[in-house]
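Here is the structure we will look at, set down as structure tokens.
All ligand and atom numbering here is 1-based and tracks the order in the structure.
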Amino acid sequence: MAEAERYYVTTPIYYVNDAPHIGHAYTTLACDALARFMRLDGRSVHFLTGTDEHGQKVEKSAKAAGMAPKDFTDKVSQNFRDLAKAMNFSNDDFIRTTEERHIKSCQELWRRLKERGEIYLGSYAGWYAVRDEAYYGEEELTLAPNGKRIAPSGAEVEWVEEPSYFFKLSQWGDKLLKFYEENPLFLAPDSRRNEVISFVKSGLRDLSVSRTTFNWGVPVPDDPDHVMYVWLDALTNYITAVGFPDVSAPSYRKFWPADLHMVGKDIVRFHTIYWPAFLMAAGLQPPHRVFAHGWWTNEGQKMSKSLGNALEPHAMVERYGLDQVRYFLLREIPFGNDGDFSHRSMVHRMNGDLANDLGNLAQRVLSMINKNCGEQVPQPGAFTDADRKLLGSAYGLLAKLRPLFAEQAFHRALETIWQVVGDSNRYVDEQAPWALKKTDPARMATVLYVLAETVRHIAILVQPVMPDSMTKMLDQLAVPADARSFAALGEDGALKAGTSLPKPEGLFPRYVEETAQ
Ligand code: MSP
């Protein structure tokens with residue numbers, strides 16, 4: 001299959017020591033919207049998510065819960081699978097780093113690196129932050145009032161001294177810089193790209209890639225006192241899932257290198273420095289692109305366990321509705337920037353963009369058709385300029401959306417669709433089909449047809465972001481199940497006059513403040 005026809009997108013794999021919060025749901029949601037868009041656009045998609053189950057942090061959490069690490073991870077990894085279900089994520093696979101397929105894959109990657117002389121045995125003495133599972137140099141740390149040293153991420157570090165294998169990262173600086181230069185799309189947004197380039201330019205040290213002071217990890221081949229550094233283990237999931245170490249497997253050949261690793265801004269360095277260096281050093285291809293999105297705060301505050309203010313996805317879905325939450329997260333802030341969640345802005349989007357603009361448009365059009373056109377798609381007459389203009393903007397949407405999805409500009413994609421929603425609402429007001437009912441019923445039928453056809457386009461194109469509601473909207477337009485992909489956009493898939501339509505129902509209820517009820 002030709003390269004352009006497949007699409008491999010991945011989320012980071014989530015640490016299981018935390019209960020899933022909206023930040024986790026956000027990363028996967030962005031991938032879900034992309035995966036759905038690409039599938040509807042005819043691509044063969046592989047969408048991967050999963051859980052990161054090894055490392056000192058998880059071992060500590062298991063101990064605190066009084067459980068064996070494997071029992072602990074079996075239990076908590078389920079929370080992330082439940083989240084995927086609750087958020088209607090369409091992932092094709094869910095990988096766990098404790099699976100046999102993955103352990104085999106990590107060990108094979110290690111062997112390759114070792115064979116090529118990229119890994120050597122030494123000893124590590126330095127600072128380590130368990131919370132980040134990351135090593136830090138003395139110069140990066142600050143001193144807290146209690147005398148503890150703190151990493152730039154805010155995590156406490158501890159002094160570690162142990163035998164360790166090292167990966168020769170110091171030798172990859174120039175090759176990485178060349179790679180970034182030759183692949184301008186590899187890392188987005190630009191601010192992150194510049195940050196990574198200047199970090200690499202400042203010089204890279206060899207990276208400690210094994211630990212001996214705990215056991216909860218993938219054993220190093222031929223040296224079982226060591227377990228692999230959890231990031232080497234974790235990053236490898238992206239190739240495990242497509243069949244590594246069998247590089248001749250059809251899935252590996254089809255899907256690797258990945259089209260996109262979606263990550264949060266906190267884990268950019270791991271994905272854009274360590275990961276391409278590991279892969280190139282093992283003679284494998286680096287991924288095509290990494291996009292680093294921003295972080296959400298809650299009503300202006302950083303979400304944290306100690307503040308107990310983490311936004312819980314199930315509770316949000318219960319309160320506002322699933323598609324409303326999905327829409328809000330992708331529409332509210334420019335993708336890539338940080339964003340603040342507030343109840344007020346959530347309700348504003350729900351009641352404005354969804355209930356008033358899109359919901360009202362569909363409801364008005366469908367109920368006028370239901371009442372005045374015999375519950376059937378009306379028969380259009382000749383189109384006027386105004387009709388052609390509105391239809392033209394609907395027909396032209398896909399061409400505008402493709403580049404926006406390709407650069408992960410979800411907010412702009414939605415804004416572009418909502419311009420047509422706005423045009424449609426203005427067209428209804430100008431054409432006033434309710435007045436035509438008496439004066440010119442044939443013209444009323446044409447106007448309602450143009451509107452229904454425009455709503456069909458909007459519904460098909462909004463499916464990646466709000467799949468449930470758009471399925472219902474397409475049901476109400478009696479669009480057959482096999483005519484809901486992007487191939488059905490434009491005149492070829494146009495609604496057929498005379499098709500019976502079901503009774504319309506509102507899709508986006510207004511949020512009414514509890515206190516006002
Ligand atoms: N296990 C590593 C990833 C390994 S990938 C090979 C990890 N896991 S994590 O569970 O801590 O974080 C996963 C993702 O959630 C990251 O992309 C992170 O940026 C994202 N978020 C965590 N909190 C967030 C917010 N408050 N807002 C948005 N995203 C946030 O890192």
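Taking distance alone, with nitrogen or oxygen atoms compared against 3.5 Å, Val263 stays at or beyond that limit from ligand 1. Polar contact with ligand 1: absent for Asn237 (N/O pair, distance under 3.5 Å). Residue contacts with ligand 1: Trp295 is placed with a nitrogen or oxygen under 3.5 Å of a nitrogen or oxygen of the ligand (distance criterion only). At a 3.5 angstrom cut-off on N or O pairs, Asp266 counts as close to ligand 1.
Distances below 4.0 Å separate heavy atoms of His293 from the following atoms of ligand 1: 28 (C), 29 (N). Of all atoms in ligand 1, numbered sequentially from 1 with element shown, those under 4.0 Å from a heavy atom of Asp52 are 1 (N), 2 (C), 4 (C). Of all atoms in ligand 1, listed by their number and element, those nearer than 4.0 Å to a heavy atom of Met303 are 26 (N). Close approach of ligand 1 to Pro12 (heavy-atom distance below 4.0 Å) involves ligand atoms 3 (C), 5 (S), 17 (O). Close approach to Ala234 involves these atoms of ligand 1, each under 4.0 Å from a residue heavy atom: 6 (C). Less than 4.0 angstrom separates some heavy atom of Gly294 from each of these atoms of ligand 1: 28 (C). Within ligand 1, counting atoms from 1 as listed, the ones closer than 4.0 Å to a heavy atom of His271 are 5 (S), 6 (C).
In this structure, Arg269 is positioned above the aromatic face of Phe199, its NZ or CZ under 6.0 Å from the six-membered ring centre and within 45° of the axis. Remark: Arg211 is positioned above the aromatic ring of Tyr128, its terminal NZ or CZ atom under 6.0 angstrom from the ring centre and at most 45 degrees off the axis.
Inter-residue side-chain proximity for Val9 and Asp259 is flagged as unmet; no heavy-atom pair is nearer than 4.5 Å. For the pair Ser210 and Met228, the minimum side-chain heavy-atom distance is 4.5 Å or more. Residues Ile458 and Val421 form a side-chain contact, since some pair of their non-hydrogen atoms from C-beta on lies under 4.5 Å apart.
Considering Tyr327, Phe508, Tyr511 as possible partners of Tyr320, the one that fulfils the ring pair (Phe, Tyr, Trp, His ring centres under 6.0 Å) test is Tyr511. Remark: of the listed residues Phe291, Phe278, Phe186, Tyr238, Tyr238 is the sole one forming a ring pair (Phe, Tyr, Trp, His ring centres under 6.0 Å) with His271. Tyr26 pairs in a ring pair (Phe, Tyr, Trp, His ring centres under 6.0 Å) with only one of the listed residues (Trp296, Phe328, Phe410), which is Trp296.
Given atom 14 (C) of ligand 1, the protein heavy atom at minimum distance is Tyr14 CE2, 3.7 Å. Atom 17 (O) of ligand 1 has as its closest protein heavy atom Gly264 N, 2.8 Å. Among all protein heavy atoms, the one lying closest to atom 7 (C) of ligand 1 is Tyr15 CE1, 3.4 Å. The nearest heavy-atom contact from the protein to atom 26 (N) of ligand 1 is Trp296 O, 3.2 Å. With respect to atom 3 (C) of ligand 1, the closest heavy atom belonging to the protein is Ile13 O, 3.2 Å. The closest protein non-hydrogen atom to atom 16 (C) of ligand 1 is Ile267 CD1, 3.9 Å.
The closest approach between a heavy atom of Lys302 and any atom of ligand 1 is not below 4.0 Å. Assignment of Tyr238 to the shell around ligand 1 is supported, since a heavy atom sits closer than 4.0 Å. A heavy-atom separation below 4.0 Å is found between Trp231 and ligand 1. Residue Ala310 places no heavy atom under 4.0 Å from ligand 1.
Remark: Arg326 engages Asp32 in a salt bridge, criterion side-chain N to carboxylate O under 4.0 Å. Note on Lys114 versus Asp222: no salt bridge recorded, every NZ/NE/NH1/NH2 to OD/OE distance being 4.0 Å or above.
Among Arg131, His21, His24, the residue whose heavy atom sits closest to atom 23 (N) of ligand 1 is His21. When the heavy atoms of Thr27, Thr10, Leu235 are ranked by distance to atom 20 (C) of ligand 1, first place goes to Thr27.
Between Tyr120 and Tyr165, the ring centre distance reaches or exceeds 6.0 Å. Proximity of the aromatic rings of Phe255 and His46 is defined here by a centroid distance below 6.0 angstrom, and this criterion is met.
A distance-only check finds no donor-acceptor pair linking the side chain of Glu59 to the backbone of Phe214 [under 3.5 Å].
For Glu195, the salt bridge (Lys or Arg N to Asp or Glu O under 4.0 Å) partners two or more places apart in sequence, or in a different chain, are Arg192.
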